[in-house]
Each structure stands twice: as C-alpha cells, then as structure tokens.
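Working notes for the structure below.
Chain A is the first sequence line, chain B the second, and so forth, proteins listed ahead of strands; every chain is numbered from 1. The figures that follow rest on heavy atoms only: side chains count, while hydrogens, waters and symmetry mates do not. A quick note: this is a predicted structure, and the numbers were derived from the prediction, not measured.
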Amino acid sequence: MSGLRAIEPLGDSAVLLHFGDRIDATVNAEVHAAARHLAALALPGIIELVPAYASLAVVFDPAQWQADGVTPAQHCVAALTRAFATPPATTAASAVLIEVPVCYGGEHGPDLAAAAQRSGLPVEEFIARHAAVEYRVAMLGFAAGFPYLLGLDARLQQPRRASPRTRVPAGSVAIGGLQTGIYPRALPGGWNLIGRTPLTLFDAHASPPNRLAAGQRVRFRAVTAAEFAALQEAQPSA
Amino acid sequence: MIEVLRPGLLSSVQDLGRRGHAAIGVGGAGAMDSNALTLANWLVGNDAGAAALECTLNGPRLRFTADACIAWCGADGELRLDGAPLPTWRPLPVAAGQVLDAAGLRRGARGYLAVAGGIAVAPVLGSRSVDVNAGLGPCDGRALQTGDQLPLSDAARPWLRRTPAWSLMPWPWFDPAPARVLRVLRGSHFDALDPASRKSLLSEPFHIAAESNRVGVRLLGPALQLTAPLELVSAAVTAGTLQLPPGGQPIMLAAEHPTTGGYPRIAHLIATDQPHLAQRRPGETVRLALIEPDEAEALRRRHATALARLHDHLRQRLQELRCAP
C-alpha cells in the first residue's frame, strides 16, 4: 500500500496529509513527490508546503479558500483530494550527491568514544560505518537548515542524552536514536556529537539559504583536524 | 532614524511574518498580536504589514532624530513623550529630538509602535520580522540593544496637519481581560487525552508561565495525561498548535515556533484569538473552550469584515488630517 492515506485539519489555516506513520525512505519519497506535485499545481492561496518524514502540511490563507456551506479547510481538502486522484510519480527527482566533510571525534565529536563503546565497535569502525552509507535528506526542521538524514546504520543508533547540551557548536554532526543530522548553527541539543563539518549549512543571505535540501543524497567524508581547519578557513563567513 | 536609548525587556522589529520558507526550517516570526500591529500601521497610513516595533512588558526608551508620525497600539501603561503622557490608538506627530519612553506596560503584554513609512530595515527572506529565537532577520536577527539606530523611510516625514482629537476604540481588537475565554479546535490527539485531562483542559484555568516567549506560551495547570503513550513521527506544527510534552504542561506554539514538532497536538487556538493570547502576561490565567470548525470560520469572517470596515472608516478620517502633498 502506498500513497496518501488521510488528510486531517491542523487548526483553521492548515491541513496535514498523512502518507504513513513511521520513518521510512519509501514513505518519505512519497511525501516529497506530493510536495513537488502540489508545488507544480500552484493552487492559489497556499502559503506553505511543509514536508516531514511521513506527512506534508499545507498551510493556506482561509480568506482565499472561503466558500459557502463549507469551512476553508474542507474546501481545501476537497481540492487536495482531487489533486491526488491520480497519485504523483515518486521517481527520485534528485540525483545530486552532496559530500559533507566531517572531522570525527576529538574536540569536534566529544561523544564519539562513548557512542562507539555503546555500539560495541572500535572508534575507527564506527566512523567508517557512518561515512560508508549514502543518506537521504528526509526533511529540514527543528531549526533553519537542520537536515534530518535517513539511512543510518542501525548498529550506530544512540539514545538521546539524558540532559541536552545548552549549546551545540554549528556544524556538529550528531546521532539521536536512528536519526543523524547536522546542527546548522549553535543551538541547544540532546543528540550525541560524533564530529563536525566546516561547511556552512545555512546562510539567510545566500540563494538558496540552505546547503542541503529535502530529497537530496548525502555522504560523509572523514577529514583530519588540519583539513577541517583549512576548509573552515575557505568558507564564506555566515 | 530612531535611536535606542534603552532597549527594554524584549523589543524587536516585526511585520506580519515571513512566509514560504517553512520547508527549509525557516519559521514565520512576525507580530504576536497582528491586530495591534495592523491598527497601529493603519493609523499612520501604512499598509497592515509595514515593519513596526513590538515591545514586551517593559518597553524601550527611544529618541527620534527626525520628524515623524507615529501610533502606539496594544499594551499600555506609563507611556511618555518628553515626559508627557503619550496618547495611544491615534496618529501623532513627533519632532526630531523627542524621546518616547515605554517603561512599564501594565495592561496587556505587548505594545506596538508604528511609524509612517515603516521601519526601513532591509528585509531578509521576504520579511522585516526578526526571528529572535532563530537569530534570523534584520537587525542581525536579534532584539533591540542600546545604541541601535533604526532607519525610517522618507515617507516617515509627518503628514499630519493637526493631531486628531479622537482615538480608536481598542475593544474588541485589544482585550487583555483574563475573563475572556480563548477558543480552540480539536487537535489530532485530543481524543488520546484521558477523560479527566480532556475535562481539565476545557474547564480549569491555566496560568501563563514566566518562561513563555515568542516561541511558545507555556500553560501551567493540572497536568494533562494521555490514555496511553503515543509514538509520533515529527510533523509540521503551526502557530496556535497546543502541544503536550511528557511533563503534562501544554505549550501553545506562537510566532517563532519550530516548523516541525513531535509532541502530541491536543488542540489549536483559532487564528482570531491568537492576538488575545499574545496580550496575556506571565502569571495571568487563560481559559480554553472547544468550538467546531464552522464556528471558528464564522468568527474569522466576522473579524475580517469588521476589520475591513474599520480600515475604510480610518482611511476617510486620516484623509481629513492629511497635509497637502
């Protein structure tokens, strides 16, 4: 079974389209296909399309979806139902593979040693496994430009920290549960920090502001502390 | 230019918010009380969404370096212009060198200072709203600091021929009375609350926690519980979404909410009532009532119609006050 399962209201100015109820690459691909489909239809009065792991929110302007006898949400749901009468193709749109350099461990990944120990792996193998697979950006959320990546080796999963850090440095590569992601700026955070990338992931004044986009493929490449410093030097300051 | 002599507790430049970037994790921000922002802007002849100052609880002290036309709407208290009481909810000329002091807002939580022509900071991602929590937007993405200089547009030059003798009636746009019940719609997980929690949510008063901010308003009251724990995958949330973290104290998401969240969504504050929540002060109470979507729509239409009628009326009244170009 695949495709749109249900549409439910999300307050009076948004609806949520459900494609599943778990973190799954196929479900997530359907979400992004649906987002592309709706973006191409360019329905009037749509303010935001917000893809997540297994759902897509459609935020609308109620004034533009006003109709007799139904609420704007009902009116919008009817239009969306028509839009999905034929399910959109879920062919992966993005063949782009983004390489993200990471300096693992040390000051850049203070939780790496403990994480490797919990996984019962030598540190080198933990790093090799993290950098071996190709990830897919499932969604951006939590903070501007924060990518949630799908594809983590199950052996590497880590419990969230009992007490979150008040400040995680920008660029930190982290694992929380079965998810891995990158903090785009200094933020509070409860994930385990295993390394850090010198790349700037988000710059509001760049076009586009986000380095990674939902649906893209990502691979990590281990770099030394010296390479990290050199790459950081070469980054435009955000 | 407006020179910041004292920033106040949390004063920031806001318009009606940043739209269209939620998919990359960039939230809306914008004025917490869109009614007060809109009316302050209309009173000085601006569009509803011109950039103005949102001032929280303890407002700033500001010096105008050029003549301007201003209006203050929303929370009030001891507002002074060069030491004299500042009339609110009406357009006023100010002269270069005059100092506005908004210390101690006592009725309501957020006041809005609009200036004819708008605050002319450069927009970021289509909006002049500062997202204080995300550190994004004009003014380096932060609240005002002492010494900041806010640019005004050329249109800021005074256009008033005389100060009007009238003020706009704040009610029903501004109603900080805790007796006012705020209305919510059912959230996806409302039915997952245990029966006692469902009853408490809709009958007990909740206090506004001191840690409330532009991200969310924390409601303190009887701890709410689910019948059984829910395993949820993160999904989009909106301003007005009432989330229930494991501790049982719900959080009503506000202007700077994260774009996605993983807590149960038990209810949604209707858009029409969001400005009223924005004016509740820490320690004050909130009562919630559940309504149906068609009632929420009727309230939205009534509000939109009344606001449009007021706009027409204001345009006529302002015309009478306007200088010849």
Side-chain angles (χ1 to χ4, degrees), chain A residues 8-14 16-18 20-24 27-28 35 39 46-59 61-63 66-67 69-74 138-148 179 184-187 202 204-205 207-210 212-214, chain B residues 17-28 122 124-125 131 133-138 141 183-188 230-242 253 258-262 265 267-274 291-301 304 308:
Chain A
E8 65 171 350
L10 190 65
D12 52 15
S13 316
L16 198 56
L17 283 60
H18 289 281
D21 51 15
R22 68 210 149 89
I23 297 177
D24 175 277
V27 169
N28 187 248
I46 302 293
I47 297 167
E48 304 273 5
L49 296 170
V50 196
Y53 279 116
S55 63
L56 174 67
V58 177
V59 181
D61 173 8
Q66 189 170 318
V70 293
T71 64
Q74 287 168 327
M139 58 187 273
L140 300 179
F142 169 58
F146 185 104
Y148 287 86
Q179 306 172 93
R185 59 184 286 254
L187 287 163
F202 186 87
H205 299 284
S207 182
N210 49 315
L212 302 177
Chain B
R18 192 167 279 111
R19 303 287 171 246
H21 301 285
I24 60 168
V26 174
V124 174
L125 295 174
D131 192 323
N133 176 60
L136 190 149
R183 292 153 295 192
V184 296
L185 295 168
R186 234 175 232 99
S188 311
L230 282 172
E231 276 297 314
L232 297 176
V233 174
S234 283
V237 288
T238 61
T241 298
L242 188 62
L253 295 179
T259 52
T260 57
R265 303 178 297 272
H268 297 272
L269 182 63
I270 64 170
T272 313
D273 281 353
Q274 287 172 19
I291 62 168
E292 294 303 318
D294 56 343
E295 296 173 73
E297 172 59 5
L299 290 165
R300 184 195 68 78
R301 287 192 194 191

Answer key: most heavy-atom pairs under 4.5 Å with chain A among B:Ala134, B:Pro293, B:Ala296 is B:Ala134
Any side-chain heavy-atom pair of B:His268 and A:Leu10 under 4.5 Å: yes
Whatever's closer than 4.5 Å to a heavy atom in chain B on A:Ala14 counts as side chain
Of all heavy-atom pairs linking A:Pro209 and B:Leu125, the shortest is CG-CD2, 3.6 Å
For B:Ala23 and A:Glu48 the tightest heavy-atom approach is N-OE1, 4.4 Å
Heavy-atom nearest pair, A:Tyr53 first then B:Val233, reads CB-CG1, 3.3 Å
One should read off an interatomic distance between A:Thr71 OG1 and B:Arg300 CZ, to the nearest 0.5 angstrom, of 10.0 Å
- Short question: side chain of A:Asp12, backbone of B:Ile270 - any donor-acceptor pair under 3.5 Å? no
If you tally heavy-atom pairs under 4.5 Å between each of A:Asn210, A:Asp21, A:Ile23 and chain B, the highest tally belongs to A:Asn210
Between B:Arg301 and A:Ala67, the two heavy atoms sitting closest are NH2-O, 2.9 Å
If one checks every heavy atom of B:Leu136 against chain A at 4.5 Å, the contacting part turns out to be side chain
The interface call for B:Leu185 against chain A, heavy-atom contacts under 4.5 Å, is side chain
In terms of heavy-atom pairs under 4.5 Å with chain B, the winner among A:Pro9, A:Ala63, A:Ala213 is A:Ala63
Taking every heavy atom of B:Asn133 against every heavy atom of A:Arg185, the minimum-distance pair comes out as O-NH1, 3.3 Å
Ranking A:Val59, A:Ile46, A:Val50 by heavy-atom pairs under 4.5 Å to chain B gives rank one to A:Val50
### Query
Side chains of B:Glu297 and A:Val70: closer than 4.5 Å at any heavy-atom pair?
no
Whatever's closer than 4.5 Å to a heavy atom in chain A on B:Asp131 counts as neither
B:Val26 and A:Phe202, any side-chain heavy atoms less than 4.5 Å apart
yes
A:Glu8 bridged to B:Arg186 by N-O distance under 4.0 Å = no
If one checks every heavy atom of B:Ala304 against chain A at 4.5 Å, the contacting part turns out to be neither
Check whether any side-chain heavy atom of B:Thr238 lies under 4.5 Å from a side-chain heavy atom of A:Ser13, and answer yes or no.
no
Most contact-rich option vs chain A, by heavy-atom pairs under 4.5 angstrom, among B:Ala235, B:Ala239, B:Pro258, is B:Ala235
Honestly, the part of B:Arg19 sitting under 4.5 Å from a heavy atom of chain A is both
Taken to the nearest 0.5 Å, the spacing of B:Ser234 OG from A:Phe142 CZ works out to 10.5 Å
One should read off an interatomic distance between B:Ile24 CD1 and A:Leu212 CG, to the nearest 0.5 angstrom, of 11.5 Å
